[in-house]
Colleague: 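What follows is a single structure, and I will ask about it in a moment.
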Amino acid sequence: MNADRWTRWPSQEALARAGLSMARLWFVGVLRVVILGGLLWSTFHEDRGWRLVGGVAMVVVVTWAAWALFRVSFVHRLWPSLALMALLMGAGAVAEIADWRMLALVLWCATAVSALERLPLVAAVPCVLVAMTGYVTYDGGNWLIMALTVIGLSLAGYTLRLDAEARGSAHRLLAQERAARAAEAESAALAERARIAREIHDVLAHSLSAQLVHLEAARLLIEGDAAKEQVLGRVVAARSMAREGLAETRQALSALRGEMTPVEDFLRELVTADRASVTVKGDPRALPAEASQAVRRVAQEALTNVRKHAPGAKVQVCLRYGEGEVKLDVRDSGGQPPGELAASGAGYGLLGMRERAELLGGSLEAGPGEEGFVVTLRVPG
């Protein structure tokens with residue numbers, strides 16, 4: 001960890017000043033312009049001729065080198081950064097020789113602070129030592145003041161580094177949080193789309209399958225030269241199932257909007273056209289939307305299977321509210337042989353019911369009972 005701290009670059013978020021407000025950026029920019037203008041005026045206002053030209057040329061070179069240092073250090077290129085640091089410190093030595101002492105001091109101090117702020121510590125520390133050595137050598141002032149200046153500049157540079165890293169880390173965490181929220185919202189939207197698709201599929205599959213049962217029965221009656229009344233009864237039953245399908249579609253849309261009738265009322269309405277009874281045990285309560293829809297769809301599919309595979313059978317539907325769980329039990333007494341009618345439909349009813357239960361963390365069991373067929377659904381609720 002210590003070695004990594006010495007060789008690690010400051011993050012690009014830190015070097016890019018990520019997280020700084022626009023007001024602070026403007027303030028820093030204006031402050032730099034004012035300081036730079038004052039520095040140039042104090043350094044070159046008495047120069048004339050070639051000396052002034054040389055000073056302007058040095059300012060241009062130093063400005064370009066500082067800009068280039070910011071660019072190459074941002075992309076973590078070590079050797080070009082060190083070369084530009086050397087160029088800036090060399091410019092400080094030239095400024096000292098040319099008797100531009102203020103410019104020289106600013107260059108040495110700025111390179112020391114910039115090295116600590118923008119370079120890996122293993123490269124920044126030697127740069128600071130060289131820059132501060134130049135400052136101490138050419139300044140020639142009071143040693144206590146120079147020592148305090150060196151310590152203060154070093155602490156300032158390292159503090160700026162830590163502040164930028166903290167700000168960069170906060171910016172990365174904020175970006176990760178936003179990405180996580182976006183992913184969560186997308187996942188929720190996909191889950192909602194899947195739920196809507198599943199509801200529409202279940203409604204259509206149940207309604208069309210039930211209609212197909214009656215239409216197939218009508219076809220068999222016609223082929224067998226059955227009485228007109230028998231065929232008409234099947235056609236009327238198919239029309240009734242079509243109406244029920246429309247009603248179920250409306251119920252599904254209401255469920256998607258969160259407007260659902262109690263499950264036990266739905267079951268009682270569902271069995272009105274069948275030889276079925278409904279028993280409710282436990283204390284009825286409002287169920288989560290997914291659990292409520294699972295109970296409704298499983299009950300519908302189970303009754304459709306009874307019509308197809310055990311016509312005329314008596315059906316017992318039992319809804320039990322337990323502790324943290326709701327259980328639906330649909331069992332028939334066994335009816336007439338199914339004949340050709342059992343071949344109608346897609347054959348995926350039980351599979352679809354089981355998948356719906358497992359999506360909710362529940363289970364579905366289906367198989368022969370003492371007399372007929374039993375479907376048992378358990379879902380959290």
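All values below were derived from every heavy atom in this structure, side-chain atoms included, with hydrogens, water molecules and symmetry-related copies excluded. Predicted model, so just to flag it, every value in this text is computed and none were measured.
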Colleague: Cut-off 3.5 Å, no hydrogens considered: what does the side-chain donor-acceptor table look like for residues 278-289, sequence neighbours left out?
Modeller:
residue, atom, partner, partner atom, Å
Arg285, NH1, Gly322, O, 3.4
Arg285, NH2, Gly322, O, 2.8
Arg285, NH2, Glu325, O, 3.4
Arg285, NH2, Gly381, O, 2.8

Colleague: Any donor and acceptor pair, going by atom type alone, linking the side chain of Ser154 with main-chain N or O of Val150 inside 3.5 Å?
Modeller: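 Looks like yes, one N/O pair under 3.5 Å.
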Colleague: Do Val62 and Met58 have side-chain heavy atoms sitting under 4.5 Å apart?
Modeller: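 Val62 reaches Met58 side chain to side chain.
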Colleague: Mind checking what makes side-chain hydrogen bond (donor to acceptor under 3.5 Å, both in side chains) contact with Thr63, not counting sequence neighbours?
Modeller: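 Per chain and number, Thr63 pairs via side-chain hydrogen bond (donor to acceptor under 3.5 Å, both in side chains) with no residue.
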Colleague: Counting only N and O atoms by type, is there a donor-acceptor contact under 3.5 Å from the side chain of His76 to the main-chain atoms of Pro10?
Modeller: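 Yes; at least one donor-acceptor contact below 3.5 Å.
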Colleague: Is there a path of hydrophobic side-chain contacts, each under 4.5 Å between heavy atoms of I, L, V, M, F, W or Y residues, that connects Leu162 with Trp6?
Modeller: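 Linked, Leu162 and Trp6 end up in one cluster.
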Colleague: Side-chain contact test, heavy atoms from C-beta onward, threshold under 4.5 Å: evaluate it for Met85 versus Ser114 and give yes or no.
Modeller: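 A side-chain contact under 4.5 Å exists here.
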Colleague: Nearest 0.5 Å, please: how far is CG in Leu360 from CD in Gln293?
Modeller: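 Here the interatomic distance stands at 10.5 Å.
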Colleague: Test of understanding: with side-chain hydrogen bond (donor to acceptor under 3.5 Å, both in side chains), list the residues that count as partners of Arg320, not counting sequence neighbours.
Modeller: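 side-chain hydrogen bond (donor to acceptor under 3.5 Å, both in side chains) check on Arg320 returns nothing, list empty.
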Colleague: Is there side-chain contact between Gln300 and Phe266, with heavy atoms separated by less than 4.5 Å?
Modeller: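 Result yes, sub-4.5 Å side-chain heavy-atom pair found.
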Colleague: Using the test salt bridge (charged side-chain N to carboxylate O under 4.0 Å, His left out), find all partners of Arg161 that sit at least two apart in sequence or belong to another chain.
Modeller: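 Checked Arg161 against salt bridge (charged side-chain N to carboxylate O under 4.0 Å, His left out); zero matches.
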Colleague: Could you check whether any side-chain heavy atom of Ser81 comes within less than 4.5 Å of a side-chain heavy atom of Val72, counting everything from C-beta outward?
Modeller: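 Yes. Closest side-chain heavy atoms under 4.5 Å.
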Colleague: Give, for atom CG of Leu160 and atom CZ of Arg167, the distance between the pair rounded to the nearest 0.5 Å.
Modeller: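 Nearest 0.5 Å value for the CG-CZ distance: 9.0 Å.
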Colleague: Kindly compute the distance separating CH2 (Trp108) from OG1 (Thr133), expressed to the nearest 0.5 Å.
Modeller: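 Output value for this atom pair is 10.5 Å.
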Colleague: What residue among Leu319, Val263, Leu377 forms side chain to side chain contact (heavy atoms under 4.5 Å, CB included) with Val326?
Modeller: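 Testing Val326 for a side chain to side chain contact (heavy atoms under 4.5 Å, CB included) against Leu319, Val263, Leu377 leaves exactly one candidate, Leu319.
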Colleague: Name the residue from Val379, Val330, Leu303, Leu364 that meets the side chain to side chain contact (heavy atoms under 4.5 Å, CB included) definition with Val298.
Modeller: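 The option that passes is Leu364.
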Colleague: Applying side-chain hydrogen bond (donor to acceptor under 3.5 Å, both in side chains), can you list everything that pairs with Arg378, at least two apart in sequence or on another chain?
Modeller: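 Scan of Arg378 (side-chain hydrogen bond (donor to acceptor under 3.5 Å, both in side chains), adjacent residues dropped) gives none.
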Colleague: Leu116 pairs by side chain to side chain contact (heavy atoms under 4.5 Å, CB included) with which of Thr159, Leu153, Leu155, Val128?
Modeller: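 Of the listed options, the one satisfying the test is Val128.
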Colleague: Which residues pass the salt bridge (charged side-chain N to carboxylate O under 4.0 Å, His left out) test with Glu177, not counting sequence neighbours?
Modeller: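 Partners of Glu177 by the salt bridge (charged side-chain N to carboxylate O under 4.0 Å, His left out) criterion, ordered by chain and then number, come out as Arg181.
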Colleague: Is there side-chain contact between Glu117 and Tyr158, with heavy atoms separated by less than 4.5 Å?
Modeller: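 With C-beta onward as the side chain, the pair stays apart.
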Colleague: Below 4.0 angstrom, N of the basic side chain to O of the carboxylate: do Arg331 and Asp329 qualify?
Modeller: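 A salt bridge is present here (some side-chain N lies under 4.0 Å from a carboxylate O).
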Colleague: Rounded to the nearest 0.5 Å, what separation is found between the CD atom of Glu165 and the OG atom of Ser11?
Modeller: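 Answer rounded to 0.5 Å: 4.5 Å.
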Colleague: Taking Val130 as the starting point, is it possible to reach Leu88 by hopping between hydrophobic residues whose side chains are less than 4.5 Å apart?
Modeller: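 Same hydrophobic cluster.
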Colleague: Looking only at heavy atoms, which two atoms of Tyr321 and Glu264 are closest? And how far apart?
Modeller: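 For Tyr321 and Glu264, the tightest heavy-atom pair comes out as OH-OE1, 2.6 Å.
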Colleague: Is there side-chain contact between Trp79 and Leu84, with at least one heavy-atom pair below 4.5 Å?
Modeller: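 The answer is no; the side chains never approach within 4.5 Å.
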Colleague: Could you tell me if the side chain of Val306 sits less than 4.5 Å from the side chain of Phe373, heavy atoms only?
Modeller: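 No. Closest side-chain heavy atoms not under 4.5 Å.
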